[in-house]
Amino acid sequence: MASKLLRAVILGPPGSGKGTVCQRIAQSFGLQHLSSGHFLRENIKANTEVGDMAKQYIEKGLLVPDHVITRLMMSELENRRGEPWLLDGFPRTLVQAEALDKICELDLVITLNIPFETLKDRLSRRWIHPPSGRVYNLDFNPPHVHGFDDITGEPLVQQEDDKPEAVAARLRQYKDVAKPVIELYKSRGVLHQFSGTETNKIWPYVYTLFSNKITPVKSKEAY
C-alpha cells in the first residue's frame, strides 16, 4: 500500500503510451489505476443508467459529454475515498477538471508530449480487441497471431478513428480540449511534462518524480 494518499492524473493524446506508463506507475507505487475508458465499458456492459446514457452517444460516434463522464467518475472516486490512485482519461476538459476539484486536491499531474508524427505512426499501427479494450501495436506490442487477440483468439479490429486520415483530426481535437486543463494544473504548480518518442526513455524520469512523492513498492529496474 502506498505510504500516503497520493492523487495523480496522467494526460496525453491518443497513442502517447499513457496506458503503459499508468500500468508501470500503478505497479511501482501501489496506486490504483483508474481508467475512465475501463469504467465506461464496465457500466455499458452492466447496463447501468450512466452506462446506457454513454452508449447512446458512442453508438452515434459522438464523444461522451462532460455531465455523463463526470457523473460516472465521481461515483467511482467516491467509492475510493481512502485510497491512493492514478487517473487516466479523466479529466479531459476544463469542466471535468473543475468537477474533480470539488472532491479532491491533486498532488501530481503528468502530461506526455509526443511528436505528432510519432503519434500518427503509432495510432495507424494500433489494433484493438473491442470486448476487453486490449490494445495491440504492430511495432512494439504485436499479437502472437496476426489479427487475433492473444487471450480469446477473437479477431482484432482497427478503429475508424485510428485510420490515418482520422488521426490528425483526433490529435487536433485533443490539443484544443487539453490546453486549458494543462494550463490550469501548470498554474497550480502540480504539472510535470515529459517529452520523447519512446516510453522506455520517458519512464525513468516519471519513476524518479513519483519516487520523490511516495515510496516505491517496486524498482524501475523491474521493467
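All values below come from the heavy atoms of this structure, side chains included, with hydrogens, waters and symmetry mates left out.
With respect to Asp149 and Arg134, a salt bridge is recorded, a charged nitrogen being found less than 4.0 Å from a carboxylate O. The pair Asp139-Arg125 counts as a salt bridge, with a side-chain nitrogen and a carboxylate oxygen less than 4.0 angstrom apart.
The closest donor-acceptor contact from the side chain of Arg71 to the backbone of Val68 lies at 3.5 Å or more, if one exists at all. For Gln158 (side chain) and Ser124 (main-chain N/O), a donor-acceptor pair under 3.5 Å exists by modelled atom type. Remark: the backbone N or O of Arg7 is paired with a side-chain donor or acceptor of Asp107 at under 3.5 angstrom. A donor-acceptor pair is defined here as one N or O able to donate and one able to accept, closer than 3.5 Å; such a pair exists between the side chain of Asn137 and the backbone of Arg122. Side chain of Arg80 to backbone of Glu76: a donor-acceptor contact under 3.5 angstrom is found. A distance-only check finds no donor-acceptor pair linking the side chain of Thr70 to the backbone of His67 [under 3.5 Å]. Remark: the backbone N or O of Ile25 is not paired with any side-chain donor or acceptor of Ser28 at under 3.5 angstrom.
The side-chain hydrogen bond (donor to acceptor under 3.5 Å, both in side chains) check on Thr48 picks up Asn43, with sequence neighbours excluded. In this structure, Glu117 has no side-chain hydrogen bond (donor to acceptor under 3.5 Å, both in side chains) partners at least two apart in sequence or on a different chain.
In summary, the side chains of Thr118 and Asp121 do not present any donor paired with an acceptor at a separation below 3.5 Å, with no hydrogens or angles considered. With no hydrogens or angles considered, a side-chain donor-acceptor pair links His129 and Ser132 at under 3.5 Å. A side-chain N or O of Arg24 and one of Asn200 form a donor-acceptor pair less than 3.5 Å apart.
Contact check for Glu154 versus Pro131: side-chain heavy atoms found under the 4.5 Å cut-off. Here the side chains of Asp88 and Leu34 are not in contact, with every heavy-atom distance at 4.5 Å or above. Within the 4.5 Å cutoff, side-chain heavy atoms of Ile110 are placed close to those of Phe194. The closest side-chain heavy-atom distance from Ile44 to Ile58 is below 4.5 Å. Contact annotation: the side chain of Pro216 never approaches that of Phe210 to less than 4.5 Å [non-hydrogen atoms, C-beta and beyond].
A continuous path of Ile, Leu, Val, Met, Phe, Trp and Tyr side chains, each step under 4.5 Å between heavy atoms, connects Trp203 with Ile214, placing both in one hydrophobic cluster. Residues Leu123 and Val21 share a hydrophobic cluster, clusters being chains of Ile/Leu/Val/Met/Phe/Trp/Tyr side chains in contact below 4.5 Å. Note on Leu62 and Val95: separate hydrophobic clusters, where clusters join Ile, Leu, Val, Met, Phe, Trp and Tyr whose side-chain heavy atoms are under 4.5 Å apart, directly or indirectly. Under the 4.5 Å side-chain heavy-atom criterion for grouping Ile, Leu, Val, Met, Phe, Trp and Tyr, Phe90 is not connected to Leu31 through any hydrophobic cluster. Connection of Met74 to Phe39 is established within a shared hydrophobic cluster, with ILVMFWY side chains joined at heavy-atom distances below 4.5 Å, either directly or through further cluster members.
Taking both residues in full, the closest heavy atoms of Phe148 and Gly153 are given as CD2-O, 3.4 Å, listed atom of the first, atom of the second, then distance. Scanning all heavy atoms of the two residues, the minimum distance from Val217 to Gln27 falls at CG2-O, 3.2 Å. When all heavy atoms of Gly196 and Pro115 are compared, the pair lying nearest together is O-CD, 3.4 Å. Contact record, Leu191 with Gln193: CD2-NE2, 3.7 Å, taken as the closest heavy-atom pair. When all heavy atoms of Lys213 and Leu6 are compared, the pair lying nearest together is CB-CD1, 4.0 Å. Nearest heavy-atom pair, His33 versus Ala26, reported as atom, atom and distance to 0.1 Å: CB-CB, 3.9 Å.
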Going through the checks in order, is the side-chain contact (heavy atoms from CB on, under 4.5 Å) test met by Asn47 and Asp52?
CA-CA 6 Å; Asn47 294 116; Asp52 289 342; 3.5 Å; yes
Criterion side-chain contact (heavy atoms from CB on, under 4.5 Å) on His146 and Leu138, from CA distance to verdict
CA-CA 9 Å; His146 185 70; Leu138 301 184; 4.0 Å; yes
Under the side-chain contact (heavy atoms from CB on, under 4.5 Å) rule, what do Ile202 and Ile114 come out as? Steps first, then yes or no, please.
CA-CA 10 Å; Ile202 293 172; Ile114 313 296; 3.8 Å; yes
Please evaluate residues Leu108 and Val9 with respect to the criterion side-chain contact (heavy atoms from CB on, under 4.5 Å), reporting the C-alpha separation (whole Å), side-chain torsions for both, the decisive distance (0.1 Å), and the verdict.
CA-CA 6 Å; Leu108 270 186; Val9 163; over 6 Å; no
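Tested against Ser195 for a side-chain contact (heavy atoms from CB on, under 4.5 Å), the candidates Asn113, Leu112, Thr111 yield a single pass: Asn113.
Once rounded to the nearest 0.5 Å, the distance linking CD of Glu105 with CG of Leu100 reads 11.0 Å. To the nearest 0.5 Å, atom CH2 of residue Trp85 and atom CG of residue Leu77 are 5.0 Å apart. Taken from CD in Glu83 to CG in Asn79, the straight-line distance is 8.5 Å, to the nearest 0.5 Å. Interatomic distance, NZ of Lys102 versus CD of Glu98, reported as 7.0 Å (0.5 Å rounding). With values rounded to the nearest 0.5 angstrom, Leu72 atom CG is found 12.0 Å from Glu49 atom CD. Here the CD1-OG distance, from Ile69 to Ser36, works out to 5.0 Å after rounding to the nearest 0.5 Å.
Atom CZ of Phe116 is surrounded by more than 12 heavy atoms from other residues, nucleotides or ligands within 6.0 Å. Heavy-atom contacts from other residues, nucleotides or ligands closer than 6.0 Å to CZ of Arg170 number more than 12.
Relative orientation of the Tyr207 and Phe29 rings is tilted, given thresholds of 30° and 60° on the angle between their planes.
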If you look only at distance, which donor and acceptor atoms sit under 3.5 Å apart when one is on a side chain in residues 172-186 and the other is two or more places apart or in another chain?
unit_1: Tyr174; atom_1: OH; unit_2: Gly12; atom_2: N; d: 3.0

